Amino acid sequence: MTRSSVLGYPRIGADREWKKALEAFWAGKLEESEFHQQLQEIRLNHLRKQQEKGIDLIAVNDFSYYDHVLDTATMFGIIPKRFPYEGGEVPLSVYYGIARGTKDATASEMTKWFNTNYHYIVPELDGATPVLTENRPLAAYKEAKEKLGIEGKPVIVGPLTFLKLSKGYQPSETDAWLKKLLPLYVQILQELAQEGVQWVQIDEPILVTKLSDGDLQRLRTIYETFAASAPGLNIMLQTYFEAVENYQDIIQLPVSGIGLDFVHGQTGNVQAIKESGFPSNKVLGAGVIDGRGIWKASLREKLTQLEELTKYVAAERLIVQSSCSLLHVPVTVNNETKLLPELKGALAFADEKLNELVLLTKAVSTGAARIAEELEQSELAIQALKQSGERNRHDVQQAVAAVSAQEPARSLPFAERHVVQQNKWQLPIFPTTTIGSFPQSAEVRKARQQWRKGEWNNEQYEGFIQEQIDIWIKLQEEIGLDVLVHGEFERTDMVEFFGEKLEGFAFTQYGWVQSYGSRCVKPPVIFGDVAFEKAMTVEETKYAQSKTNRPVKGMLTGPITIMNWSFVREDITREQIAYQLAYALRQEVEALEQAGIGMIQVDEPAVREGLPLKEEDQAEYLAWAVKAFRMTTCTVQPTTQIHTHMCYCEFHDMIDSIESMDADVISIETSRSHGELIHSFEVNTYKLGIGLGVYDIHSPRVPRVEEMTSMIDRALRVLDPKLFWINPDCGLKTRGKEETVESLRNMVQATEIARSAYSLNV
Ligand code: GLN
Ligand code: ZN
């Protein structure tokens with residue numbers, strides 16, 4: 001019989017109960033025993049839900065107190081030396097210390113889980129002696145069985161993926177580390193086998209990336225060892241997020257099942273199966289339901305896809321499953337009350353995806369006729385959205401088609417723009433500026449609350465925002481900054497703010513997903529054609545400009561960042577969505593220019609987040625991402641100065657793309673990468689205006705003048721002084737007022753030192 005399976009379920013709960021419990025515990029408002037109890041309740045609820053829906057293979061040990069990679073590391077006793085730990089089960093204080101830092105020890109680094117917006121804690125291997133501190137998968141299995149009678153499928157992060165995501169060792173030490181870890185994995189598996197566990201899901205998403213011969217050899221060693229030491233256990237070797245590389249090697253591994261992503265890796269995986277077949281002694285985990293998207297599946301299409309697969313795999317050897325863990329989608333559509341009916345009807349979050357899995361499984365085993373009605377319904381829902389007016393803005397479609405048919409370019413090349421801009425603005429050498437936002441104090445947040453609740457009318461709220469702008473324009477002048485900003489006091493979130501004002505967006509009430517730890521985000525949904533309706537930022541910017549003679553930079557979020565931080569429609573390509581956004585934002589850029597704003601910053605911190613996992617797909621993405629940015633910014637006068645800003649990521653391998661965005665000035669975060677970026681300018685040249693962040697805004701510490709002068713000196717060794725700007729790393733909205741002012745004063749002082757040193761030299 002064909003079975004259904006889920007690779008993991010969201011932890012956070014339909015009302016973010018999980019987040020609330022964690023934060024209450026951290027705040028000391030919840031006793032540890034009560035905390036454990038609350039989390040157990042949440043965990044069991046989630047299992048019960050899947051059981052009631054009729055999922056055959058339910059993942060256990062997918063639940064976490066923070067992050068599953070951290071769970072794996074602590075299960076192996078891998079605790080950085082700076083935390084007090086004496087062996088045995090890892091206390092919560094240590095566990096959360098690693099995740100969040102303590103007053104004596106900094107947190108471990110956190111980084112993106114493949115190409116998702118989920119962040120995991122990077123295990124630090126140096127100095128650790130791995131031991132099994134507890135068999136978490138076993139505990140989770142027993143709990144599900146005892147409490148709910150569920151025959152669970154424990155999930156574990158596989159050894160190769162775990163090692164590849166860890167740091168604190170040299171490549172030459174990989175085998176030594178594998179040797180230390182393997183016996184622990186074996187012990188876990190043997191104990192599971194003894195307990196009578198049927199299936200274990202071992203997650204090896206690393207198999208969708210290019211592996212060296214050495215890693216392929218390690219892969220064989222790992223799974224041969226497992227097969228030999230726990231022969232009774234069925235291992236589902238699970239991959240996701242893309243098609244696997246090395247399909248032929250993978251299917252030869254001695255495992256009972258192989259899980260493939262037939263959504264994000266559909267083309268590659270299907271092609272591999274067609275070319276090389278699928279072993280008749282294995283089970284295929286067919287990930288046909290998108291674990292990352294929010295849209296209802298066309299059951300008809302999915303069924304065709306599954307039927308196609310049964311040409312290569314017997315139906316009883318097929319497991320119908322989600323393409324990856326459902327961790328990446330919100331919990332349920334049920335509680336949404338404010339969405340357009342045609343939109344709500346076409347959405348499927350985690351719970352709705354459970355239904356789809358069960359239906360498809362039924363259809364594969366007993367015939368499509370059994371789900372005839374549901375097949376029909378899913379088509380109707382998809383049709384209804386397709387016909388929605390929001391998706392049929394022919395005016396927008398035509399305009400965007402016309403605009404994107406042209407190669408977007410400024411009317412003058414940078415070298416010439418630079419001259420006319422310099423004439424117009426007369427900026428000193430090493431101009432100083434900030435990234436856009438100033439502290440969002442409790443007062444600012446409270447004002448917004450009052451306004452949103454209707455306790456304040458528009459006038460009151462706008463008056464308040466203007467007061468904040470007044471204060472900060474004065475402060476910026478006093479500090480001596482050259483290019484000012486209005487401070488973004490009217491914005492909560494840089495994507496939401498624009499999404500609420502543009503057409504084609506919807507906002508859910510409960511559509512939260514975990515980003516890292518207890519932090520959840522509620523991405524906007526781009527479901528229709530994106531259209532500019534009316535100016536979004538002109539009023540505040542114009543007001544700020546009216547208060548000063550120095551230039552005020554307009555401040556927008558760029559098309560790629562808006563797209564990468566939203567859930568997007570799937571009936572048109574991401575490239576097309578990016579162009580729609582670009583065209584809409586271009587109208588805002590033009591409105592700002594018309595209102596007399598001569599410097600406009602278009603932030604693109606999330607460009608890298610959309611980078612495809614497969615190297616061969618990256619160039620294409622970067623090309624249209626760059627084009628979208630240029631489309632947004634290319635129509636302004638040569639004298640209008642376009643700025644952009646990027647942060648959070650490594651840029652060294654994409655400096656060429658950044659340069660071809662053709663922004664007059666870019667500000668990039670550098671202080672957290674400890675000058676690595678500066679190093680990359682020794683090998684690559686950059687010919688446009690650039691500001692390397694001279695201090696880290698993520699810390700409340702006020703940086704000393706000398707720290708910043710040394711940053712500046714270092715940068716000036718590799719960059720053209722005439723194109724060099726001085727600014728902090730990122731926006732200042734999370735900082736306090738006093739520390740911000742003091743830090744900026746020091747920054748200006750450091751700039752003056754750099755200026756006089758420069759004038760002595762020329
Ligand atoms: N302009 C934004 C700010 O200053 C940029 C934020 C970001 O880079 N994430 O807040
Ligand atoms: Zn930033």
Side-chain angles (χ1 to χ4, degrees), residues 110 112 117 119 432-441 444-445 448 465 468-469 472-473 475-476 481 483-499 515-516 519 521 523-524 536-537 540-541 544 552-566 585 588-589 592 597 599-610 629 632-633 641-651 658 661 663 665-673 677 690-699 725-737 739-740 743-744 747:
M110 166 174 90
K112 270 162 64 74
N117 285 334
H119 300 72
T432 53
T433 190
T434 63
I435 307 304
S437 58
F438 280 125
Q440 290 252 338
S441 58
V444 172
R445 290 196 302 268
R448 190 175 310 114
I465 297 289
Q468 296 300 309
I469 295 176
W472 279 93
I473 288 287
L475 273 171
Q476 292 175 85
L481 292 164
V483 172
L484 314 191
V485 295
H486 78 283
E488 301 181 29
F489 301 105
E490 74 288 7
R491 307 181 190 179
T492 37
D493 174 276
M494 62 188 292
V495 171
E496 184 186 64
F497 177 82
F498 291 94
S515 169
Y516 64 89
R519 174 151 171 93
V521 292
M536 302 176 276
T537 63
E540 290 85 5
T541 320
V552 171
K553 262 194 300 194
M555 199 55 62
L556 310 177
T557 306
I560 303 298
T561 296
I562 293 186
M563 181 179 70
N564 285 345
W565 284 346
S566 300
L585 291 165
E588 182 70 15
V589 168
L592 281 168
I597 304 301
M599 293 190 185
I600 301 166
Q601 178 169 313
V602 179
D603 288 327
E604 284 289 23
V607 167
R608 205 194 166 87
E609 300 196 8
F629 182 87
T632 309
T633 53
Q641 192 166 65
I642 297 292
H643 291 233
T644 188
H645 165 70
M646 290 188 187
C647 52
Y648 304 134
C649 67
E650 301 153 29
F651 304 99
I658 295 177
M661 287 165 66
V665 184
I666 184 170
S667 58
I668 307 193
E669 170 195 309
T670 30
S671 48
R672 270 191 308 175
S673 63
L677 185 71
I690 183 163
L692 299 183
V694 297
Y695 77 88
D696 179 7
I697 59 91
H698 296 88
S699 157
W725 286 64
I726 292 177
N727 49 259
D729 249 1
C730 193
L732 295 158
K733 76 171 172 213
T734 57
R735 293 275 59 90
K737 181 171 171 183
E739 75 213 36
T740 297
S743 301
L744 291 174
M747 186 183 91

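Start at 1 and go down the list; that is how both ligands and their atoms are numbered. Model, not experiment: these values are computed from the prediction. Residue numbers start at 1 and run along the sequence shown.
With a 4.0 Å cut-off on non-hydrogen atoms, Ser437 touches ligand 1 through its backbone as well as its side chain. Here Met646 has no heavy atoms under 4.0 Å from ligand 1, in either its backbone or its side chain.
Near Gly436, the atoms of ligand 1 lying under 4.0 angstrom from a non-hydrogen atom of the residue are 4 (O). Each of the following atoms of ligand 1 lies closer than 4.0 Å to a heavy atom of Gly731: 3 (C), 4 (O), 10 (O). Heavy-atom proximity to Cys730, at under 4.0 Å, picks out these atoms of ligand 1: 7 (C), 8 (O).
There is a side-chain donor-acceptor pair under 3.5 Å between Ser667 and His645.
Contact annotation: Lys733 has no heavy atom less than 4.0 Å from any atom of ligand 1.
Ligand 1 has an N or O atom lying under 3.5 Å from an N or O atom of Ile435, backbone or side chain. Residue-to-ligand polar distances place His645 within reach of ligand 1: an N/O pair is separated by less than 3.5 Å. For ligand 1, the polar-atom distance check against Gln601 finds no nitrogen or oxygen pair separated by under 3.5 Å.
Contact between Ile658 and Ile666 at its shortest, heavy atoms only, is CG2-CD1, 3.4 Å. Scanning both residues, Ala544 and His486, for their nearest heavy atoms gives CB-CB, 3.5 Å.
Using a 30° and 60° split on the angle between ring planes, Phe438 and Trp472 fall in the parallel class, below 30°.
Our summary of the site lists the angle at the Zn ion (ligand 2) between NE2 of His645 and SG of Cys647 as 110°, to the nearest 10 degrees.
Put simply, the side chain of Phe497 reaches to within 4.5 Å of the side chain of Glu490, judged on heavy atoms.
Applying the salt bridge (Lys or Arg N to Asp or Glu O under 4.0 Å) criterion to Arg448, with sequence neighbours excluded, gives no partner residue. Residues satisfying the salt bridge (Lys or Arg N to Asp or Glu O under 4.0 Å) criterion with Lys112, sequence neighbours excluded, are Glu609.
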